[in-house]
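One structure is given below, encoded as C-alpha cells.
In what follows, every heavy atom counts, from backbone to side chain, and hydrogens, waters and symmetry copies are set aside.
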Amino acid sequence: MPNQLQGKRVAFLAADGVEKVELEQPRAALEEAGAQTELVSLKTGEIQARNHDLEPAGTFPVDRAVSDVSVDDFDALVLPGGTVNPDKLRLDDSAISFVRDFVESGKPVAAICHGPWSLVEAGVVSGRTVTSYPSIRTDLRNAGANVVDEEVAIDGNLISSRSPSDLPAFCSTIVEKFAHAPTGA
C-alpha cells in the first residue's frame, strides 16, 4: 500500500560504518509506503557505508545532526547495524539520549543486526525481548534483555532483527507497525 505511512516521519540514526543494506532497504520500504525519512548522524555532511563491515560501500548525505533533533520531530526511529556504526553512536551523549528518549516515549524503535548496541547503551533493554546479531547477544543479556533467535522480535514499541538475511521480514514488520503508530508529537 503506497500511502500506508503518509504523514509519518521516520529518523534513521547512523554513523560511519553503517551496513549499507540495513540503511537502504528499510528506508526504501518506508518511503515506498509513503513515509518521509531523515538520516540523522553525529554531524552533518556524509557518512561512510560498508558492505559486510569491511568493504567501502559509498556515502549517504546526513539530513541533520542528532544534537539538533528531538523525539518530537519524528514518529518512529530505525537503528541500522554494522559493527562500527553503533560503536560510534554509543560514545555520543546526544545519540544515546535520543535513543533513550525515543524508547521511553512509546514511539516505535526498530533495530537490526548490531543496531541494538545503542539500546544497551541507552539502558532500555532490561526486561525486554529482543534479537540481534549473535555476537552482541551476551551484551544484551548482560543488560537484562530476554534474547531470542528469531528473524523479528517485537516487544511493545521495540522491533528487532538479527541480520541482513532478515531484511524482508524486518522491512514488512516496520511498515506495518509504524503504520499503526500515532502521527505527530
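Legend: residues meeting side-chain contact (heavy atoms from CB on, under 4.5 Å) with Pro116, ordered by chain and number and at least two apart, are Ala111, Leu119, Ser132, Ile136, Leu140.
Salt bridge status for Arg27 with Asp63: present, with a side-chain N to carboxylate O gap under 4.0 Å. Remark: Arg50 does not engage Glu19 in a salt bridge, criterion side-chain N to carboxylate O under 4.0 Å.
Proximity of Val78 to Phe178: side-chain heavy atoms (C-beta onward) are separated by under 4.5 Å at one or more points. A 4.5 Å side-chain heavy-atom check between Val130 and Leu158 finds at least one atom pair inside the cut-off. At least one side-chain heavy atom of Leu13 sits less than 4.5 Å from a side-chain heavy atom of Leu77. Looking only at side-chain heavy atoms (C-beta outward), Leu79 and Ile112 stay at 4.5 Å or farther from each other. The shortest distance between side-chain heavy atoms of Leu23 and Lys20 does not fall below 4.5 Å. Put simply, the side chain of Leu30 reaches to within 4.5 Å of the side chain of Val175, judged on heavy atoms. The shortest distance between side-chain heavy atoms of Val18 and Asp16 does not fall below 4.5 Å. Taking the side chain as every heavy atom from C-beta outward, Phe12 and Val40 never approach each other to under 4.5 Å.
Of all heavy-atom pairs between Ala15 and Leu89, the closest is CB-CD2, 4.0 Å. Residues Ala49 and Phe60 approach most closely at CB-CE1, 3.5 Å, considering heavy atoms. Closest non-hydrogen pair, Thr83 versus Trp117, comes out as O-CZ3, 3.6 Å. Considering all non-hydrogen atoms of both residues, Leu39 and Pro61 come closest at CD2-O, 3.4 Å. In this structure, Ala143 and Val120 approach most closely via the heavy-atom pair CB-CG1, 3.9 Å. Across all non-hydrogen atoms, the minimal contact from Gly82 to Glu22 is N-OE1, 3.7 Å.
For the pair Asn3 (side chain) and Gly34 (backbone), a donor-acceptor distance under 3.5 Å is absent. For the pair Ser41 (side chain) and Val62 (backbone), a donor-acceptor distance under 3.5 Å is absent. At distances below 3.5 Å, not a single donor-acceptor pair connects side-chain atoms of Asp166 with backbone N or O atoms of Ala169. Here the side chain of Ser105 pairs a donor or acceptor atom with the backbone of Lys107 at under 3.5 angstrom. Judged by distance alone, with hydrogens and angles left aside, the side-chain atoms of Ser97 form no donor-acceptor pair with the main-chain N or O of Ser94 at under 3.5 Å. A donor-acceptor contact shorter than 3.5 Å is absent between the side chain of Asp68 and the backbone of Arg64.
Linking Ile, Leu, Val, Met, Phe, Trp and Tyr residues whenever their side-chain heavy atoms come within less than 4.5 Å leaves Val124 and Val148 in two separate clusters. By the criterion of side-chain heavy atoms lying less than 4.5 angstrom apart, applied directly or through intervening Ile, Leu, Val, Met, Phe, Trp or Tyr residues, Val69 is grouped together with Val99 in one hydrophobic cluster. Clustering ILVMFWY residues whenever any of their side-chain heavy atoms sit less than 4.5 angstrom apart, transitively, puts Ile96 in a cluster other than the one holding Val125.
Taken from NZ in Lys43 to CG in Asp92, the straight-line distance is 11.0 Å, to the nearest 0.5 Å. The distance from atom CG of Asp101 to atom OG of Ser70, rounded to the nearest 0.5 Å, is 8.0 Å. Between atom CZ of residue Phe170 and atom OG of residue Ser160 there is a gap of 8.0 Å, rounded to the nearest 0.5 Å. Rounded to the nearest 0.5 Å, atoms OG1 (Thr173) and CD1 (Ile159) are 7.0 Å apart.
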Mind running side-chain hydrogen bond (donor to acceptor under 3.5 Å, both in side chains) on Glu31 and Thr37 for me, showing each step along the way?
CA-CA 7 Å; Glu31 288 176 352; Thr37 67; 2.5 Å; yes
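In this pair, Phe102 and Phe74 present their aromatic rings tilted. The plane angle is within the 30 to 60° band.
Annotation: Tyr133, atom OH; neighbour count of heavy atoms from other residues, nucleotides and ligands within 6.0 Å does not exceed 12.
Within the structure, every pair that satisfies the side chain to side chain donor-acceptor pair (under 3.5 Å) test and touches residues 140-159, not counting sequence neighbours, is listed here: Arg128-Asp155, Arg128-Asn157, Thr129-Asn146, Arg137-Asp149, Asp149-Arg162.
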